[in-house]
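The next block holds one structure in the form of structure tokens; read it before the comments.
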Amino acid sequence: MKENAPKETWHKTACVLCSSNCGLEVKLDGNEITRVRGNKTHVGSKGYTCEKALRVNFYQNFQGRITTPLKRLPDGSHIEVDWDTAIAEVAEGFKEVNEKYGDGKILYYGGGGQGNHLGVGYSMATRNALNITRRSNALAQEKTGEAWVEGRMFGAHTHGNFHEAEVAVFLGKNPWHSHGFDEARRVLKEISADSKRSMVVIDPRRTETADLADFWLPIKPGTDAFLIAAMILIIIEENLTAKSWLSENTVGLDETVKAFANIPIGDFASRCGVPEEQIRNVARRLAAAESVAFYEDLGIEMAPHSTLVSYLQRVVWVLLGNYGNQGGMSVHSYAAPLFSYKASGSEPTDPVTGSLVISDFFACNEIADGILSDHPERNRALLIESTNPVHSLAESEKFRQAMRAVDFSVVVDVALTETAREATYFLPAATQYEKVETTFFSASFPENWICVRPPILAPPEGVLTEPEIHTRIIRELGLATEEDFLPLRELAKKGLDEFSKGFMEFSVNNPELAALGAVTLYETLGEVLPVNMRGAAVLWFSAQQTALRYPTQVKAAGYEGDGPSLGNSLFEAMISNPDGVLFTRHEQDQAWDLLETIDSKIHIAIPEMLEEVKRLADSPSTYTSDEFPFVLAAGERRSFTANTIMRNPEWRKRDQEGTLRLSLGDAEQLGIDNGSRVRITTPGGSAVAVAEINETMMQGHISLPNGHGLSYSPAGGEPEVFGVPTNELTSTDWCDPIAKTPWHKHVPAQLEVVEP
Ligand code: SF4
């Protein structure tokens, strides 16, 4: 390089392919992301990435991007419409549904993705304006069982400190590929290399994480409840519990202990295929540790007894006194909550299906059935944002039919997805690199962080951000005019202190405008933010709430002021630091202050769960049959799988077709070779995939990767489907009895060779 050559610019942003949202630095050439490296000064990831981040250009740039709203005609074709027409007809369409059926028959589905979180704040304005009270998203097909348990036990969400835990336990989780905490692979390797620390992996597959583990328990698929229940009784019988800690910090201990009294340990061990002695050894190792961190994931949350296993694993670490200790489990702070626990124990029910509405989420497994019923309270319209339920929810065809059965539907998304194609309106949105964005996924304790990333590219002409779309809908609904916002906008020009003083008064005097929350902030404070950061205006409210919830810990994280001025300091730091910032710093013993149970104790007994424990011995431990002798894990995380935002299959360096993995023993028995084409048939459907004999698979267990089966036109022609869309094989009625979360990781299946 010549001495005075200008330095090439690295732009700070984040990876959007999993919930870790690692900080990245990227180089651009026009609209192309040409180079990617980890951002070493990022507050959470500190330079770490996995291989997926290097391919994010495939998310940003893909064939067939639509840059104008589309309207679906009755024959299924689409016509382009201008934004003014689209916004007017969207507002009118939802209003008509309310007028015809009464308020409350519109479902909002969305609010997330992997770090695409600001839009949900703006959608709340539209939801409030249209009295949209029903909501759901993918969390309600994965995490609501866990949320139901956590609400009852802690009143809040807990997370483990894997960076410091003496023993890390992974249950139905392979963090090598699914991550879930900062610097996952680095941490796994550190634990593995440290003779004083241990790793326990409970998984039928010998995953990359299992290879690093001190204890790998190769459990038969779907039998986790039996293993953990046996481990609990071992802990009790061998006197391994933290007795005085438990009597001081928990309620419901006696009834909990009693419920496990008759667990047949030997029988349960043989049902799950793990020798009893191995379970005992793990129980003893956990009990001997200063700290234990547990992580459950979809391997158990989408398999039989899912909610029960979420409960049982928490009973293990509570019995061992692993809450609030350094390196153990803890509730964490949040800048915006992902779950609401206020109705824990008295959740309302879906008026159509009767299922629990956990954490304000309607069970997504039942949305289509509800719509397709003749119940008068059924949903009549859908507002879907940044998510693709036709592809990602069980029984895709049923959701497709539901989309056609509602009176009106709108999809806001980057691409014309499988879901968007079915909607009355498709509104094209900016990518996560074309707008300011953040993630609320960070769950670290004692320090927690947030990273607000400015856009690194401009959206193409004709594409809008979600804040702008919702603001236009609000204006179209006639709920706010330019004049309404003038006083607050004037205050914003005078600075944050004046603005925050005036905002309270404005909210009291204008409750209808206050209900529009994010849009009001966008129209006032947003006007004085740098133009590319306008969408971050909603974070002012998050910063204020955070400062109100954790004043001491926000100050400990380095911010000054009291009351609103503390929130303002935090907000300014958040929006001006693309490396991210710590927003709270707790003392270790303040973990107890974060419990949100009524008495700040851990409620170890959940009566419904204890009843299930008593019935467990009579429950089946296998769900296969002569007709469906295999267990299919429909949606395995692999090196090149992500959620469905990566539409171009070429983003995968390997496994572009998404092979069906099976064991050598099964392959030999069925005459299957690597590359054979095999038909997978389940009670829900059938599909053909390419076989891959994989030594990590247990006999009888087969897997297909997640995120495949999207339609895409690599050369811009007619779309083709690449790989198996796993939800063509799943069924909505195969699910957890409490949370209704689908058992995608445990689908009984049959295999036959189509082409050897
Ligand atoms: S996929 Fe996840 S772990 Fe990998 S770089 Fe992206 S955010 Fe980080």
Side-chain angles (χ1 to χ4, degrees), residues 16 30-33 56-73 76-94 108-120 122-123 125-126 382-392 403 408-437 455-476 519 522 532 534-535 643-648 710-713 716 719:
V16 296
N31 205 42
E32 300 285 322
I33 298 172
V56 288
N57 188 48
F58 284 89
Y59 159 72
Q60 172 59 33
N61 292 293
F62 58 93
Q63 283 283 350
R65 182 147 184 207
I66 308 287
T67 55
T68 186
L70 296 181
K71 181 178 183 177
R72 192 175 197 270
L73 300 178
S77 63
H78 292 90
I79 53 164
E80 294 185 355
V81 286
D82 61 79
W83 273 103
D84 286 349
T85 306
I87 294 289
E89 292 190 13
V90 164
E92 193 52 35
F94 284 127
Y108 173 76
Y109 189 91
Q114 307 289 19
N116 190 30
H117 291 169
L118 290 184
V120 71
Y122 289 92
S123 78
T126 300
L382 295 164
L383 172 55
I384 299 173
E385 215 169 26
S386 302
T387 181
N388 187 1
V390 163
H391 187 275
S392 61
M403 294 278 300
F408 192 67
S409 57
V410 175
V411 168
V412 179
D413 211 331
V414 174
L416 188 66
T417 62
E418 288 70 11
T419 306
R421 270 179 230 135
E422 302 297 332
T424 321
Y425 269 96
F426 166 64
L427 305 181
T431 72
Q432 294 191 52
Y433 296 114
E434 296 166 349
K435 61 180 179 178
V436 58
E437 255 308 342
I456 55 171
L457 290 161
E461 184 79 28
V463 162
L464 298 181
T465 63
E466 290 96 336
E468 185 62 30
I469 291 170
H470 288 290
T471 300
R472 291 189 187 194
I473 292 173
I474 293 300
R475 284 180 175 251
E476 183 63 34
V519 164
Y522 183 76
N532 65 344
R534 190 176 171 193
N643 55 28
T644 56
I645 63 173
M646 295 288 256
R647 298 198 65 84
N648 183 347
L710 296 167
S711 60
Y712 187 71
S713 344

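Numbering of residues begins at 1 and proceeds along the displayed sequence.
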Report summary line: Nearest heavy-atom approach of Tyr109 to Thr387 is CD2-CG2, 3.3 Å
Query raised in the report: Can you name the residues that form a side chain to side chain contact (heavy atoms under 4.5 Å, CB included) with Asn61, not counting sequence neighbours?
Result: Asn31, Glu32, Asn57
Query - Which atom of Met403 lies closest to which atom of Ser409, heavy atoms considered - result: CE-OG, 4.1 Å
Query - Spatial distance of atom OG1 (Thr126) from atom CD1 (Ile474) [nearest 0.5 Å] - result: 4.5 Å
Query - Member of Asn532, Thr465, Asn116 meeting the side chain to side chain donor-acceptor pair (under 3.5 Å) criterion with Lys435 - result: Asn116
**Report entry** Side chain proximity check, Leu464 to Pro459, heavy atoms < 4.5 angstrom
**Finding:** no
Requested in this report: Establish, from distance only, whether the side-chain atoms of His470 and Glu385 form a donor-acceptor pair under 3.5 Å.
Outcome: yes
Report task. Using a strict cut-off of less than 4.0 Å between a Lys/Arg side-chain nitrogen and an Asp/Glu carboxylate oxygen, indicate whether Glu468 and Arg472 qualify as a salt bridge. Result -> yes
Requested in this report: Taking the six-membered ring of Tyr425 (Phe, Tyr or Trp), confirm whether the NZ or CZ of Arg72 is under 6.0 Å from its centre and within 45° of its axis.
Outcome: no
Query raised in the report: Of all residues at least two apart in sequence or in a different chain, which pass the ring pair (Phe, Tyr, Trp, His ring centres under 6.0 Å) check with Tyr59?
Result: Tyr433
Report task. Taking the side chain as every heavy atom from C-beta outward, state whether Glu466 and Val412 have any atom pair closer than 4.5 Å. Result -> yes
Query - Minimum heavy-atom distance between Val411 and Ala423, given as atom pair plus value - result: CG2-CB, 3.6 Å
**Report entry** Value rounded to 0.5 Å, distance of CD in Glu418 from CG in Asn388
**Finding:** 5.0 Å
Query raised in the report: About how many Å separate CD1 of Ile79 and CG of Leu73, when rounded to the nearest 0.5 Å?
Result: 5.0 Å
Query - Intermediate values then yes/no, side chain to side chain contact (heavy atoms under 4.5 Å, CB included), His391 and Leu710 - result: CA-CA 8 Å; His391 187 275; Leu710 296 167; 3.6 Å; yes
Report task. Give, for atom CD1 of Ile469 and atom OG of Ser123, the distance between the pair rounded to the nearest 0.5 Å. Result -> 11.5 Å
Query raised in the report: Do side-chain atoms of Thr68 reach the backbone of Val81 as a donor and acceptor pair under 3.5 angstrom?
Result: yes
Report summary line: Shortest non-hydrogen pair, Ala420 vs His78, comes out as O-NE2, 4.4 Å
Query raised in the report: Which distance, rounded to the nearest 0.5 Å, do you find between the CD1 of Ile66 and the CG of Leu416?
Result: 5.0 Å
Requested in this report: Quick one: closest heavy-atom pair of Thr419 and Val390, and the distance?
Outcome: OG1-N, 2.9 Å
Query raised in the report: Any side-chain heavy-atom pair from Arg647 and Gln63 closer than 4.5 angstrom?
Result: no
Report task. Answer whether the closest heavy-atom distance between the side chains of Leu382 and Tyr108 falls below 4.5 Å. Result -> no
Query raised in the report: Can a donor-acceptor pair be found between the side chains of Gln60 and Thr431 at a distance below 3.5 Å?
Result: yes
Query raised in the report: Mind checking what makes ring pair (Phe, Tyr, Trp, His ring centres under 6.0 Å) contact with Phe426, not counting sequence neighbours?
Result: none
Query raised in the report: Quick one: does Pro467's side chain get under 4.5 Å of Tyr122's, heavy atoms only?
Result: yes
Query raised in the report: Less than 4.0 Å between a side-chain N and a carboxylate O, is that true for Glu434 and Arg65?
Result: yes
Query raised in the report: Where is the tightest heavy-atom contact between Leu427 and Val410, given as atom of each residue plus distance?
Result: CD1-CG1, 3.9 Å
Report task. Kindly compute the distance separating CD1 (Ile645) from OG1 (Thr417), expressed to the nearest 0.5 Å. Result -> 12.5 Å
Requested in this report: Could you check if a side-chain atom of Pro428 sits within less than 4.5 angstrom of a side-chain atom of Trp83, using non-hydrogen atoms only?
Outcome: yes
